[in-house]
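Reading through the structure tokens given below for one structure.
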Amino acid sequence: MARSAHAYTSTRGRGDVWPRPERCRVISVANQKGGVGKTTTTVNIAAALAMHGQRVLVVDLDPQGNASTALGVERDSQTRSIYHCLVEDEEMSKLAQPVPDNPNLWCAPATIDLAGAEIELVSLVAREARLKRAFAAYDTSELDYILVDCPPSLGLLTVNAMVACDEVMIPIQCEYYALEGLGQLLRNVELVQSHLNPGLAISTILLTMYDGRTRLSQQVADEVRSHFGEVVLNTVVPRSVRVSEAPSYGKSVMTYDPSSTGASAYEASAREIAHRAPTVGR
């Protein structure tokens, strides 16, 4: 507990309070390719934003529930989760739990029940817009960001996230086959734009697992930047043991080890995201 308090204080002391966006930004973090750092990105970007004065809700839409675990949110067989919101119309406000060590951060958790939601959603009216309806009924005036951690697939859960969100953030690992399957993700975004959510945009691409010792990482980074241009963040997230260790302690790396290279990279990434948006004064 003392370590957590020290870590939180240390991180808070490193920067000022960032300007808030004009309205709540709703961002889905998506990539159907597994192992790209999607959940890690969601959790640590959210924590970094919250530590700099932003009010953030993480919606865990992945049945594995890794984002919930990494944020230290309690989950058991009795937990009301995002499943109950999508399938049973539970209010989002009743699901969101405060995250330990970070008073500006909340999480709507996932439980194993979510694994069956893809099938159950098929028979429901407006199945692609269930999450959008939940957000519409939620008072977002007290939030600056909602980050939705999508599952590693392009099924109904991910479609729900894209219909409910204004922006898509795509983590891409700096490794061989980094762009494999990305074309299908981009086509899905285009389909959602055409038929369900014309306001959806790919606003951010974050390069993860960067290894400065290898030529491959630099080649992948150059290729992604040449293809996607300004939506790619200037910051790259390096491979970091601390980033990998943090979830096992129910923490983001921002509270687990704020002085690590991984924490510094995610803080810089979150700063870029915060300053790219239209903002309002305090």
Side-chain angles (χ1 to χ4, degrees), residues 1-20 27 29 35-58 60 66-73 97-107 144-145 147 149 169 171-175 204-214 216-218 220-221 232-277 279 282:
M1 184 177 297
R3 180 176 182 175
S4 299
H6 174 70
Y8 177 74
T9 304
S10 299
T11 308
R12 289 281 294 180
R14 294 195 316 190
D16 55 358
V17 174
W18 296 338
R20 297 204 315 265
I27 305 172
V29 184
V36 301
K38 177 176 52 60
T39 296
T40 301
T41 293
T42 304
V43 166
N44 288 299
I45 292 291
L49 288 168
M51 287 176 172
H52 286 272
Q54 310 301 299
R55 302 159 300 180
V56 186
L57 170 66
V58 171
D60 190 353
N66 291 335
S68 305
T69 299
L71 291 172
V73 174
Q97 299 183 32
V99 172
D101 305 325
N102 201 330
N104 290 325
L105 185 57
W106 295 265
C107 176
D144 299 307
Y145 292 86
L147 298 183
D149 183 32
M169 181 192 306
I172 298 177
Q173 83 279 32
C174 296
E175 295 182 350
T204 307
I205 290 178
L206 176 61
L207 295 165
T208 63
M209 303 180 190
Y210 183 86
D211 187 343
R213 300 169 298 177
T214 67
L216 177 61
S217 282
Q218 187 59 56
V220 172
V232 185
L233 296 183
N234 295 322
T235 305
V236 297
V237 178
R239 285 193 172 277
S240 169
V241 173
R242 292 303 194 192
V243 170
S244 301
E245 288 177 348
S248 65
Y249 292 88
K251 300 177 185 297
S252 69
V253 73
M254 306 305 300
T255 51
Y256 177 66
D257 189 352
S259 63
S260 66
T261 57
S264 297
Y266 274 116
E267 183 180 34
S269 300
R271 183 185 295 273
E272 283 192 65
I273 292 168
H275 285 82
R276 284 185 174 195
T279 56
R282 286 282 173 183

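Positions are given from 1 along the sequence.
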Worksheet, complete the sentence: Between Ala270 and Leu49 the two heavy atoms that sit nearest each other are O-CD2, 3.8 Å
Worksheet item: Hey, does the side chain of Glu272 reach the backbone of Thr235 with a donor-acceptor pair shorter than 3.5 angstrom?
Response: yes
Worksheet entry | Derivation of the side chain to side chain contact (heavy atoms under 4.5 Å, CB included) call for Lys251 and Asp101 | CA-CA 9 Å; Lys251 300 177 185 297; Asp101 305 325; 3.3 Å; yes
Discussion item. Between Leu233 and Ile205, is the side chain to side chain contact (heavy atoms under 4.5 Å, CB included) condition met? List the steps.
Written reply: CA-CA 6 Å; Leu233 296 183; Ile205 290 178; over 6 Å; no
Item to complete: State, with a plain yes or no, whether a side-chain heavy atom of Gln97 is found less than 4.5 Å away from one of Trp106.
Response: no
Discussion item. With a 4.5 Å cut-off on side-chain heavy atoms, are Tyr210 and Gln218 touching?
Written reply: yes
Discussion item. Please enumerate all residues that pass side chain to side chain donor-acceptor pair (under 3.5 Å) together with Ser269, with sequence neighbours excluded.
Written reply: none
Item to complete: Taking side-chain contact (heavy atoms from CB on, under 4.5 Å) as the test, write out the residues that go with Ala46, two or more places apart.
Response: Val56, Val58, Leu105, Leu147
Worksheet item: If you look at every heavy atom in Asn102 and Ala47, which pair is closest and at what distance?
Response: ND2-O, 3.5 Å
Worksheet item: Closest heavy-atom contact between Asp257 and Ser259?
Response: OD1-OG, 2.9 Å
Worksheet item: Do Ser68 and Asp60 pass the side-chain hydrogen bond (donor to acceptor under 3.5 Å, both in side chains) test, and can you show the C-alpha distance, the side-chain angles, and the key distance before you say yes or no?
Response: CA-CA 6 Å; Ser68 305; Asp60 190 353; 2.7 Å; yes
Worksheet item: Any idea which heavy atoms bring Val36 and Met209 closest together, and the distance?
Response: C-CE, 3.6 Å
Item to complete: Output, in order, the C-alpha distance, side-chain angles, deciding distance and verdict of side-chain hydrogen bond (donor to acceptor under 3.5 Å, both in side chains) for Thr255 and Tyr249.
Response: CA-CA 10 Å; Thr255 51; Tyr249 292 88; over 6 Å; no
Worksheet, complete the sentence: So CG of Leu206 and CD1 of Ile172: to nearest 0.5 Å the spacing works out to 9.0 Å
Worksheet, complete the sentence: Taken to the nearest 0.5 Å, the spacing of Asp144 CG from His52 NE2 works out to 14.0 Å
Worksheet item: Counting only N and O atoms by type, is there a donor-acceptor contact under 3.5 Å from the side chain of Ser217 to the main-chain atoms of Cys174?
Response: yes
Worksheet item: Roughly how far, to the nearest 0.5 Å, is CD1 of Ile45 from OG1 of Thr204?
Response: 8.5 Å
Practice prompt. Measure the spacing between OG of Ser248 and OH of Tyr256 and express it to the nearest 0.5 Å.
Written response: 6.5 Å
Discussion item. Could you tell me if the side chain of Thr41 sits less than 4.5 Å from the side chain of Tyr266, heavy atoms only?
Written reply: yes
Worksheet entry | Side-chain donor or acceptor of Asn44 paired with backbone N/O of Ser252 under 3.5 Å | no
Worksheet item: What pair of heavy atoms forms the shortest contact from Val29 to Pro171, and how long is it?
Response: CG1-CG, 3.8 Å
Worksheet item: Roughly how far apart are Tyr145 OH and Arg55 CZ, rounded to 0.5 Å?
Response: 11.0 Å
Fill in: Least distance between heavy atoms, Gly53 atom then Val17 atom
CA-CG1, 4.0 Å
Worksheet item: Rounded to the nearest 0.5 Å, what separation is found between the CG atom of Asp149 and the CD1 atom of Ile27?
Response: 13.0 Å
